[in-house]
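This report concerns only the one structure given below.
No hydrogens, no waters, no symmetry mates; every other heavy atom, side chains included, goes into these values. FYI, the numbering just counts along the sequence from 1.
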Amino acid sequence: MNPANLPFDSEAMLEGLRTWVECESPTWDAGAVNRMLDIAARDMAIMGATIERIAGRQGFGGVIRARFPHPKQGEPGILIAGHMDTVHPTGTIEKLKWRREGNKCYGPGIYDMKGGNYLSLEAIRQLARASFTTPLPITILFTPDEEVGTPSTRDIIEAEAARNKYVLVPEPGRADNGVTTGRYAIARFNLEATGRPSHAGATLSAGRSAIREMARQILAIDAMTTEDCTFSVGVVHGGQWVNCVATTATGEALSMAKRQADLDRGVERMLALSGTTNDVTFKVTRGVTRPVWEPDAGTMALYEKARGIAKSLGAELPHASSGGGSDGNFTGAMGIPTLDGLGVRGGNGHTLEEFIEVDSLVERGRLMAGLLVTLE
């Protein structure tokens, strides 16, 4: 089976992908994510997959596990792991409308990562139409909470990965047409400042502002960034009335490091910020964490397989470790051969200019198909 001969059609793929992109699915809207999962489940059921729905928890949407017909069904095979949640709130489609401009196509979540998820299904669909049976059975797992660190589905992802030989993650491809063979470690933190209220006009000096303490700590946290470990505060809430000295302020921070030891030291520094100063208490608690994923022999052998397939298709396929977490952090850290960044090329993820390069749908679809037909 030569994947170059499979009749992938970028226009047909865009037509199917548009339905996915226009079904907005922000992480914190479980109903919206479940509607997106319903669409994907229907598409895969038409393809002949057996669909299992796993109820969500912790306020998140559910999970879809799809197993495609195979004579070795139940034996270790290939897991394709993707998430259907996006960072874009419902209504973004009015600001970031679906539009095509030459080789670019725009829409919320089209790049991260609905495009990669869709081309994975198209690869399976093309192989089925060609009546080709892959050497290994294929399972797809679509999850609802990756954009917030996968707090509710990490256990499902790890359990499913452990039942398979390989994990393919169609997160966005690298700008150099490369793939990801490792990811940095990431830790999230919850921040809370508690002060003392007073009337901001009549008795200002009697109060102790939680907002002021939060602002002071934000600057301190940002200043902790080094080349080995970065720190940033991305969410802040505080106060209810402008004429009241704020009693509480909350926030969320993120730390990322290339090595686990550097992240561990960063975690210690963050937790050490907890304490009370000038009658204001500042508390840092650790949130979800993604372990560092460093490529091992199994992952590199999987990459070499992909590189050979890409070369046969006339393309170079560089690789590197990437910043930004994915569910590949978990499976790679487990020692299961994992290849990430197999999705579309594009850019401006998490912004109102998110786009894909249309020609990468077919190119990466063929690469995915090539992996499915050769891995054994």
Side-chain angles (χ1 to χ4, degrees), residues 26-28 58 87 89 112 145-151 154 182-201 203-294 321-326 329-330 333 348-351:
T27 311
W28 294 113
Q58 300 176 13
V87 300
D112 185 9
D145 59 347
E146 189 274 347
E147 293 293 2
V148 294
T150 321
R154 176 177 178 175
R183 285 195 181 267
Y184 305 160
I186 295 177
R188 295 175 182 241
F189 303 91
N190 301 309
L191 315 175
E192 182 178 8
T194 304
R196 187 170 71 206
S198 71
H199 192 293
T203 56
L204 177 62
S205 62
R208 298 291 182 268
S209 173
I211 290 177
R212 176 182 292 179
E213 178 63 13
M214 180 64 72
R216 187 180 74 82
Q217 294 287 2
I218 288 171
L219 294 176
I221 290 169
D222 283 353
M224 288 163 53
T225 292
T226 65
E227 289 188 2
D228 295 325
C229 192
T230 62
F231 300 85
S232 62
V233 177
V235 177
V236 178
H237 301 284
Q240 288 183 302
W241 305 95
V242 72
N243 60 345
C244 296
V245 172
T247 307
T248 60
T250 59
E252 295 177 44
L254 185 79
S255 180
M256 183 172 65
K258 297 180 181 180
R259 293 177 294 272
Q260 190 67 46
D262 293 328
L263 186 74
D264 292 342
R265 283 190 289 270
V267 169
E268 291 179 5
R269 295 181 69 188
M270 283 293 297
L271 297 180
L273 294 175
S274 294
T276 300
T277 303
N278 193 28
D279 295 331
V280 181
T281 299
F282 189 71
K283 183 179 180 181
V284 180
T285 56
R286 186 171 178 174
V288 294
T289 302
R290 293 190 189 276
V292 67
W293 163 33
E294 297 182 9
S321 290
S322 296
S326 91
N329 280 77
F330 304 135
N348 297 339
H350 294 196
T351 76

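Looking only at side-chain heavy atoms (C-beta outward), M224 and M270 come within less than 4.5 Å of each other. Residues W293 and P291 have side chains not in contact (no heavy-atom distance under 4.5 Å, counting atoms from C-beta outward). A 4.5 Å side-chain heavy-atom check between N190 and E252 finds at least one atom pair inside the cut-off. By the 4.5 Å heavy-atom criterion applied to side chains, V292 and R259 are not counted as neighbours.
The shortest non-hydrogen separation linking V148 to T27 is CG2-CG2, 3.7 Å. Contact record, V288 with P151: CG1-CB, 3.6 Å, taken as the closest heavy-atom pair. Shortest non-hydrogen contact noted between T247 and A210 is O-CB, 3.3 Å. Of all the heavy atoms in R208 and N278, the pair that sits closest is CD-O, 3.3 Å. The two atoms that bring E147 and D112 nearest to each other are OE2-OD2, 3.0 Å, heavy atoms only. Considering all non-hydrogen atoms of both residues, I211 and G239 come closest at CD1-N, 4.1 Å.
A side-chain hydrogen bond (donor to acceptor under 3.5 Å, both in side chains) check over residues 209-221, counting only residues at least two apart or in different chains, returns the pairs E213-R216, E213-Q217.
The distance from atom CG of L191 to atom OG of S274, rounded to the nearest 0.5 Å, is 9.0 Å. Note: L271 CG to T285 OG1 = 8.5 Å, rounded to the nearest 0.5 Å. The distance from atom OG of S321 to atom CZ of R183, rounded to the nearest 0.5 Å, is 9.5 Å. Taking OG1 of T276 as the reference point, atom CZ of F282 lies at 11.5 Å (rounded to 0.5 Å). Here the straight-line distance linking atom CD1 of I218 with atom CZ of F231 works out to 15.0 Å at 0.5 Å rounding. Taken from OG in S255 to CZ in R269, the straight-line distance is 9.0 Å, to the nearest 0.5 Å.
By the 6.0 Å contact criterion, CD on Q240 is open, its count of non-hydrogen atoms from other residues, nucleotides or ligands being 12 or less.
Under the rule for a side-chain contact (heavy atoms from CB on, under 4.5 Å), the partners of T250 that lie at least two apart in sequence or sit in another chain are E192, H237. With sequence neighbours excluded, no residue satisfies side-chain hydrogen bond (donor to acceptor under 3.5 Å, both in side chains) with E294.
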(message) Set out, in order, the CA-CA distance, both residues' side-chain angles and the distance that settles side-chain contact (heavy atoms from CB on, under 4.5 Å) for F189 and V267, then state yes or no.
(response) CA-CA 9 Å; F189 303 91; V267 169; 3.9 Å; yes
(message) I'd like to know whether Y184 forms a side-chain contact (heavy atoms from CB on, under 4.5 Å) with L263, so could you lay out the CA-CA distance, the side-chain angles of the two residues, the decisive distance to 0.1 Å, and finally the verdict.
(response) CA-CA 9 Å; Y184 305 160; L263 186 74; over 6 Å; no
(message) N329 vs I186, test: side-chain contact (heavy atoms from CB on, under 4.5 Å). Steps then yes/no.
(response) CA-CA 9 Å; N329 280 77; I186 295 177; 5.6 Å; no
(request) Go through the steps to decide whether T194 and K283 satisfy the test side-chain contact (heavy atoms from CB on, under 4.5 Å), and finish with yes or no. (result) CA-CA 8 Å; T194 304; K283 183 179 180 181; over 6 Å; no
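Proximity of a side-chain donor or acceptor of D279 to a complementary backbone N or O of G195 within less than 3.5 Å is not detected. Judged by distance alone, with hydrogens and angles left aside, the side-chain atoms of R196 form no donor-acceptor pair with the main-chain N or O of V280 at under 3.5 Å. Formation of a donor-acceptor pair under 3.5 Å by the N243 side chain with backbone atoms of A200 is not found in this model. Formation of a donor-acceptor pair under 3.5 Å by the S198 side chain with backbone atoms of T203 is found in this model.
For the side chain to side chain donor-acceptor pair (under 3.5 Å) with D262, the lone residue among R265, K258, Q260 that qualifies is R265.
There is no side-chain donor-acceptor pair under 3.5 Å between T230 and T225.
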